[in-house]
There are 2 protein chains.
Amino acid sequence: MARTVNEKSDVLPLIAEVFRELGYDAASLGQIGERTSLGKGSLYHFFPGGKAQMAQEVLALIDAWFVQNVYEPLETGEPRAAIAQMWRAVDVYFHAGQRVCLVGAFALDATRDRFGEPIRLYFKRWVRALESALIRGGAEPVAAAALAEEVVLGIQGALVLARALNDDTVFSRALQRLRNAVGDDAPKAVVGPRPTAS
Amino acid sequence: MARTVNEKSDVLPLIAEVFRELGYDAASLGQIGERTSLGKGSLYHFFPGGKAQMAQEVLALIDAWFVQNVYEPLETGEPRAAIAQMWRAVDVYFHAGQRVCLVGAFALDATRDRFGEPIRLYFKRWVRALESALIRGGAEPVAAAALAEEVVLGIQGALVLARALNDDTVFSRALQRLRNAVGDDAPKAVVGPRPTAS
DNA sequence: GTCTATATGGAGATAGAC
DNA sequence: GTCTATCTCCATATAGAC
């Protein structure tokens with residue numbers, strides 16, 4: 001039996017995917033072992049705190065990704081470019097609607113009570129970062145707050161509906177509507193009739 | 001020990017609430033027994049198919065409620081009145097954002113694979129019913145389809161965000177925005193100091 | 001219809017050899 | 001770091017008395 005030596009950074013994304021597909025409770029150590037090709041011994045070597053620690057670190061990993069690819073740009077970058085970057089990042093991250101938001105899924109069941117803080121902060125920072133970019137981009141503060149909330153919640157809702165209907169076109173349509181609502185006047189590939197940005 | 005004789009119609013809503021709060025996997029028969037004050041014997045008397053049957057019937061119960069209070073009016077009633085009724089029903093049903101959508105929660109984890117059809121139909125009929133009412137109300141078909149999708153997904157997203165942030169005002173704000181998007185010109189309480197309910 | 005056993009499986013977790 | 005064996009507990013589900 002050829003032994004493969006692993007690092008935590010290699011297995012964590014695999015574990016994240018299991019949680020994303022099954023949810024926290026249905027993701028058994030058996031499943032996680034299969035997907036990572038790791039025995040329980042190795043799993044507990046990396047994560048002495050067991051399943052709860054795995055979820056904690058998965059949440060932290062996701063947060064780090066969003067900080068780098070979404071929040072930081074929105075908070076400190078050029079607003080228009082940062083928002084354009086957000087649309088790209090979101091579309092890539094959620095695999096154009098075929099992948100669910102693990103944090104949103106955790107928020108909806110009993111898992112929220114176990115990981116309340118990271119879940120809260122993930123969404124709070126997203127909304128505030130987008131709000132900040134909108135304001136710096138010239139939007140009125142009150143309108144910016146409402147729009148930021150609408151966008152984040154719209155993405156989550158689109159993921160729910162896309163998965164429920166098993167139809168990822170729901171996601172791309174929703175993303176397009178939200179882009180328009182934010183006022184996306186960047187040049188893009190035209191597909192069908194499109195409201196001209198006046 | 002005073003025996004209380006129950007009917008299925010009495011216990012089903014209690015079971016629904018347990019599923020709503022915990023999700024399918026975390027809702028154990030132990031919990032369900034506590035909340036319904038029923039032993040496993042009684043539970044299996046009502047639901048020989050066990051937990052899966054309970055979830056099936058809960059889903060059917062929810063669907064029936066929405067058919068009566070939302071879908072039917074939208075499909076066959078006077079459009080403006082039916083849409084106004086939908087806003088009321090949604091606000092009441094989700095307890096102004098304090099209650100999660102069980103069907104949406106089921107859609108996000110492995111539970112979807114067990115109950116794919118009822119989940120799919122719940123959302124599909126909602127979107128189509130609203131679309132129908134919008135068209136009969138004078139909206140352009142293409143716009144109506146997009147708007148219907150936007151509303152249903154917006155409600156789901158609002159529930160996710162409200163629960164994640166533990167802030168139900170997210171839900172009321174989202175509902176108000178969606179009403180405006182649909183073009184709610186019914187007389188409504190003016191923004192500002194809300195008429196206190198108590 | 002209700003209850004109290006009880007059966008059985010799989011879950012999370014640990015120990016210790018290699 | 002990896003594995004296998006094992007522990008304990010609680011899950012779903014059943015049986016049968018009342």
Side-chain angles (χ1 to χ4, degrees), chain A residues 1-59 61 102 105-106 109-115, chain B residues 1-59 61 102 105-106 109-115:
Chain A
M1 215 34 131
R3 289 196 164 202
T4 315
V5 176
N6 286 283
E7 287 189 41
K8 212 194 234 189
S9 58
D10 292 326
V11 318
L12 208 47
L14 298 174
I15 297 178
E17 207 51 32
V18 178
F19 279 130
R20 231 187 302 268
E21 286 170 22
L22 303 178
Y24 182 78
D25 286 295
S28 70
L29 294 193
Q31 271 287 328
I32 292 171
E34 269 188 36
R35 295 281 285 270
T36 57
S37 310
L38 249 36
K40 300 197 182 185
S42 301
L43 252 16
Y44 275 92
H45 169 72
F46 288 126
F47 308 95
K51 195 170 151 178
Q53 185 182 346
M54 295 180 204
Q56 287 277 17
E57 296 200 18
V58 162
L59 252 5
L61 181 71
L102 180 145
F106 276 17
D109 63 32
T111 316
R112 188 202 56 165
D113 303 322
R114 288 172 156 276
F115 308 106
Chain B
M1 214 38 144
R3 288 196 165 200
T4 315
V5 176
N6 287 283
E7 289 189 41
K8 212 194 235 188
S9 58
D10 293 325
V11 320
L12 207 48
L14 299 173
I15 298 178
E17 208 50 32
V18 177
F19 280 130
R20 231 187 302 268
E21 288 170 21
L22 304 178
Y24 182 78
D25 287 296
S28 70
L29 294 192
Q31 271 287 328
I32 293 172
E34 270 188 35
R35 296 280 287 270
T36 57
S37 310
L38 247 37
K40 302 197 179 186
S42 300
L43 253 15
Y44 275 92
H45 168 73
F46 288 125
F47 309 95
K51 196 169 151 180
Q53 186 182 347
M54 296 180 203
Q56 287 277 17
E57 296 200 18
V58 162
L59 252 6
L61 181 70
L102 180 143
F106 276 17
D109 63 31
T111 315
R112 189 200 57 164
D113 302 323
R114 288 172 155 276
F115 308 106

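Values below: all heavy atoms of this structure, side chains included; hydrogens, waters and symmetry mates excluded. Chain identifiers are assigned alphabetically (A, B, ...) following the order of the sequence lines, protein sequences preceding nucleic acid strands; residue numbering begins at 1 within each chain. All values derive from a computational prediction rather than experimental measurement.
- Rounded to whole angstrom, the span from the OH atom of A:Y44 across to the C1' atom of C:dA13 amounts to 4 Å.
- Contact annotation: A:K51 side-chain N/O to C:dG12 OP1/OP2 distance is under 4.0 Å.
- What separates CG of B:D10 from P of C:dT2 is a distance of 10 Å, to the nearest Å.
- Mapping A:G50 and B:N6 onto DNA chain C via the closest heavy atom, the residue that lands nearer the 5' end is B:N6.
- For the pair B:S42 (side chain) and B:L38 (backbone), a donor-acceptor distance under 3.5 Å is absent.
- In this structure, A:A27 reaches the sugar-phosphate backbone alone: every heavy-atom distance under 4.0 Å involves primed, P, OP1 or OP2 atoms, never a base.
- Rounded to a whole Å, the OH atom of A:Y24 is 10 Å from the C1' atom of C:dG12.
- Applying the side-chain contact (heavy atoms from CB on, under 4.5 Å) test between A:I32 and each of A:L14, A:L22, A:V11, A:V18 identifies A:V18 as the sole match.
- Going from atom CD of B:Q53 over to atom C1' of D:dA13 covers 13 Å, rounded to whole Å.
- Nearer to the 5' terminus of DNA chain D, by closest-nucleotide assignment, is the contact made by A:L38 (compared with the other of B:A52 and A:L38).
- In this structure, CG of B:L43 is placed 14 Å from C1' of D:dT14, rounded to the nearest angstrom.
- For B:L29 and D:dT12, the CG to P distance is 4 Å, given to the nearest whole Å.
- Note on B:S42: a side-chain N or O is less than 4.0 Å away from OP1 or OP2 of C:dC3.
- Atom NZ in B:K40 sits about 16 Å away from atom P in C:dT8, given to the nearest Å.
- Considering B:R112, B:M54, B:K51 in turn, B:K51 is the only one that fulfils the side-chain contact (heavy atoms from CB on, under 4.5 Å) rule with B:Y24.
- Each of B:G30 and A:G41 was assigned the nucleotide of DNA chain D with the nearest heavy atom; the assignment lying further toward the 5' end belongs to A:G41.
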Problem set entry | B:R35 and B:E21: CA distance, side-chain angles, deciding distance, side-chain contact (heavy atoms from CB on, under 4.5 Å) verdict | CA-CA 12 Å; B:R35 296 280 287 270; B:E21 288 170 21; 3.1 Å; yes
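- Atom P of nucleotide C:dT2 and atom CZ of B:F47 are separated by 11 Å, given to the nearest angstrom.
- With rounding to the nearest 0.5 Å, the separation of CG in B:L43 from CD in B:Q53 is 10.5 Å.
- Taking only side-chain atoms of A:H45, from C-beta outward, the nucleotide of D:dT12, C:dG1, D:dG1 with the closest atom is D:dG1.
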